[in-house]
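Before any comments, here is the structure.
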Amino acid sequence: MDHEARIRILQNAVRSNHLDGALLVYSRNILYYTGTAQPSYLAVLPDDYALFVRSGIEFARREAAIDPGRIKEERKLAHVFRELFAGKKEAVKKIATELDVVTAEQFADMKRTFTGCDFVNVAPLTQEQRKTKDSGEIEKTRQACDAIHRGHEAVLATLREGITELELSAAVENAHRLAGHEGIFFIRLPDFFMSRGPISSGDNLFKISGVVYTITGVGLSPSVPAGPSRKKIAPGEPVIVDIPTLVDGYHADQTRTYCLGKAPAAVRSLYGDLKAVADHLIDRMKPGVRCSELYRMAVDKAEKLGRAGHFLNFGQGKRSRLIGHGIGLELNEPPVVAEYEQGELDEGCLIALDMHMMDEAEGVVKLEDMILVKNGGNEILTKSPRELIEV
């Protein structure tokens with residue numbers, strides 16, 4: 001789908017929701033609708049639109065995939081208002097903007113500029129539109145999956161006795177970058193941090209930091225308490241690598257569990273049952289299925305395998321209520337596959353199916369794959385072997 005068509009879909013949503021317009025400032029939305037991520041305002045009216053570039057106008061003109069006549073250089077929101085909104089016959093009463101990501105300062109500027117106007121959150125409209133991926137988005141995601149597989153290959157080449165988590169992470173990150181990873185990921189949360197991605201081994205797997213809702217690793221210091229540490233990896237220890245990639249704007253998210261040498265029998269059994277739960281779900285992730293139903297299917301399967309106490313366990317009586325999430329221009333997007341999420345999967349959704357098991361006496365294992373939901377049968381986009389990998 002071309003970018004102009006995406007803008008037309010948003011214009012239809014503006015009309016159907018009786019809005020006077022939408023004002024977008026978030027880089028991921030600007031990229032989705034125009035093809036550039038230069039700092040800009042994208043103003044979308046029911047019958048008009050324009051991209052007002054605050055800085056980087058020459059980049060924007062080269063990159064944007066919209067009508068060049070719609071691209072203007074403008075830093076001041078008041079001028080945007082005068083050019084696109086002030087000439088309307090009726091007063092501007094309701095504008096949708098990204099209330100979940102704009103700063104208080106940005107919002108105050110909007111309130112001063114659009115005097116007497118009500119603001120509503122545009123995120124439900126843009127996230128619903130972005131939830132299903134077109135063929136171009138899927139192709140970029142495949143490239144991100146290629147890059148993440150290079151990280152897996154780096155683990156096979158690097159993991160050895162005495163190496164630290166940090167050294168292993170550096171090898172994975174280097175392989176990702178050489179394969180085209182853009183060196184960043186996007187999470188729709190203020191003040192979010194987690195190093196370049198969780199990586200952990202041995203006893204560190206049982207230490208769950210509060211900064212990420214997953215197996216986190218402990219990090220290098222209290223400044224960023226997640227990701228790899230300087231702990232040396234010992235033979236027989238499970239090692240979990242969960243470092244995402246971003247290629248041409250689209251993310252890949254994959255987790256694999258490794259073991260230096262032969263894995264203990266209890267860890268092999270734990271991983272086998274985790275993979276059985278994942279395989280069970282992949283066959284049942286169909287358009288129209290509620291996210292809460294998938295969660296219940298996963299829990300039921302774990303119970304039948306005798307793993308009710310281990311499945312999604314964080315230790316000390318805590319448990320995850322999430323088994324997956326949408327992924328695309330952001331690392332975590334709707335739909336969220338969780339216990340209380342009533343949304344449904346759609347044809348063309350991309351889901352990162354993300355689950356773990358923790359036996360507090362034996363170890364921790366994790367498996368995460370990218371699933372493209374299709375009516376004719378789902379496709380696993382991640383390429384690395386899905387078995388417990390002994391190195």
Side-chain angles (χ1 to χ4, degrees), residues 6-7 9-34 36-45 49 51-52 54 77 80-81 85 92-114 117-133 137 184-194 210-214 244 246 249-251 253 291-292 321-322 324-344 346 349-352 354:
R6 291 174 180 174
I7 291 174
I9 291 172
L10 182 57
Q11 287 176 316
N12 289 337
V14 166
R15 280 192 293 270
S16 63
N17 284 274
H18 309 292
L19 300 169
D20 293 299
L23 183 64
L24 307 182
V25 299
Y26 178 43
S27 66
R28 298 308 91 188
N29 281 334
I30 300 293
L31 178 63
Y32 178 77
Y33 288 107
T34 72
T36 183
Q38 294 298 317
S40 305
Y41 300 109
L42 177 61
V44 179
L45 280 65
Y49 80 90
L51 180 69
F52 297 91
R54 304 197 302 276
L77 186 58
V80 173
F81 174 77
F85 290 93
V92 177
K93 297 178 180 178
K94 186 181 289 188
I95 294 291
T97 193
E98 298 140 332
L99 294 180
D100 57 333
V101 294
V102 296
T103 65
E105 185 176 356
Q106 286 174 316
F107 186 59
D109 191 21
M110 292 178 186
K111 294 288 284 184
R112 283 192 300 267
T113 303
F114 293 80
C117 182
D118 290 332
F119 286 88
V120 297
N121 194 6
V122 77
L125 304 182
T126 56
Q127 288 183 327
E128 180 64 24
Q129 183 177 347
R130 284 171 40 191
K131 191 167 70 171
T132 57
K133 273 57 178 181
E137 292 177 290
I184 192 172
F185 51 82
F186 290 88
I187 295 277
R188 203 183 186 96
L189 290 171
D191 198 27
F192 180 85
F193 56 90
M194 68 169 188
V211 301
V212 193
Y213 198 56
T214 186
L246 176 76
Y250 285 81
H251 293 83
D253 202 2
C291 294
S292 57
R321 298 288 186 264
L322 181 147
H325 53 85
I327 186 169
L329 288 167
E330 294 166 291
L331 188 57
N332 288 1
E333 298 183 346
V336 177
V337 188
E339 183 174 13
Y340 301 112
E341 176 56 51
Q342 296 304 306
E344 298 179 353
D346 294 331
C349 277
L350 262 177
I351 302 296
D354 179 1

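Side-chain atoms are counted along with the backbone in the values below, which use heavy atoms only and exclude waters and symmetry mates.
- The CG atom of Asn29 sits 5.5 Å away from the CG atom of Leu24 when rounded to the nearest 0.5 Å.
- Without hydrogens or angle criteria, His251 side chain to Phe186 main chain gives a donor-acceptor distance under 3.5 Å.
- The minimum heavy-atom distance linking Val336 with Glu341 is given by the pair O-CG, 2.9 Å.
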Show the numbers, then the answer: is there a salt bridge (charged side-chain N to carboxylate O under 4.0 Å, His left out) between Arg188 and Glu330? CA-CA 7 Å; Arg188 203 183 186 96; Glu330 294 166 291; 3.3 Å; yes
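- Formation of a donor-acceptor pair under 3.5 Å by the Glu344 side chain with backbone atoms of Cys291 is not found in this model.
- For the atom pair OH of Tyr250 and CG of Leu350, the computed distance is 10.0 Å after rounding to the nearest 0.5 Å.
- The side chain to side chain contact (heavy atoms under 4.5 Å, CB included) with Leu42 is formed by just one residue from the set Tyr49, Tyr26, Phe52, Tyr32; it is Tyr49.
- One finds the CZ atom of Phe114 at 4.5 Å from the CZ atom of Phe85 (value rounded to the nearest 0.5 Å).
- For the pairing with Tyr33, the side chain to side chain contact (heavy atoms under 4.5 Å, CB included) check across Leu10, Val44, Leu51 returns one residue only, Leu10.
- For the atom pair CG (Asp354) and CG (Leu322), the distance works out to 7.0 Å, reported to the nearest 0.5 Å.
- A pairwise comparison of heavy atoms in Ile327 and Ala352 identifies CG2-N, 4.4 Å as the closest pair.
- Between Gly249 and Leu329, the closest heavy-atom pair is O-CD2, 3.3 Å.
- Counting heavy atoms from C-beta outward, Glu128 and Pro334 have side chains that stay 4.5 Å or more apart.
- Separation of atoms CD (Gln127) and CD (Glu98) is listed at 10.0 Å; rounding is to 0.5 Å.
- Residues Leu331 and Pro244 come closest through the heavy atom pair CD1-CB, 3.7 Å.
- Taking a 6.0 Å sphere around CD of Gln342, one finds it holds more than 12 heavy atoms contributed by other residues, nucleotides or ligands.
- Residues Val14 and Ala22 approach most closely at CG2-CB, 4.1 Å, considering heavy atoms.
- The pair Lys133-Glu333 meets the salt-bridge criterion, with a side-chain N (NZ, NE, NH1 or NH2) lying under 4.0 Å from an Asp/Glu carboxylate O.
- With hydrogens and angles disregarded, a donor-acceptor distance shorter than 3.5 Å links the side chain of Ser40 to the backbone of Gln38.
- Here the closest non-hydrogen pair linking Ile187 and Phe185 is CG1-CD1, 4.0 Å.
- The one candidate from Asn121, Leu189, Val122 that meets the side chain to side chain contact (heavy atoms under 4.5 Å, CB included) condition with Asp100 is Asn121.
- Residues Phe81 and Met110 form no side-chain contact, since every pair of their non-hydrogen atoms from C-beta on lies 4.5 Å or further apart.
- Leu23 CG to Phe119 CZ: the interatomic distance, rounded to the nearest 0.5 Å, is 7.5 Å.
- Within the 3.5 Å criterion, the main-chain N or O of Ala338 finds no donor-acceptor partner in the side chain of His325.
- Residues passing the side-chain contact (heavy atoms from CB on, under 4.5 Å) test with Asp20, sequence neighbours excluded: Val92, Lys93, Lys94, Ile95.
- Counting only distance, with no hydrogens or angles, the side chain of Tyr41 and the backbone of Arg54 share no donor-acceptor pair below 3.5 Å.
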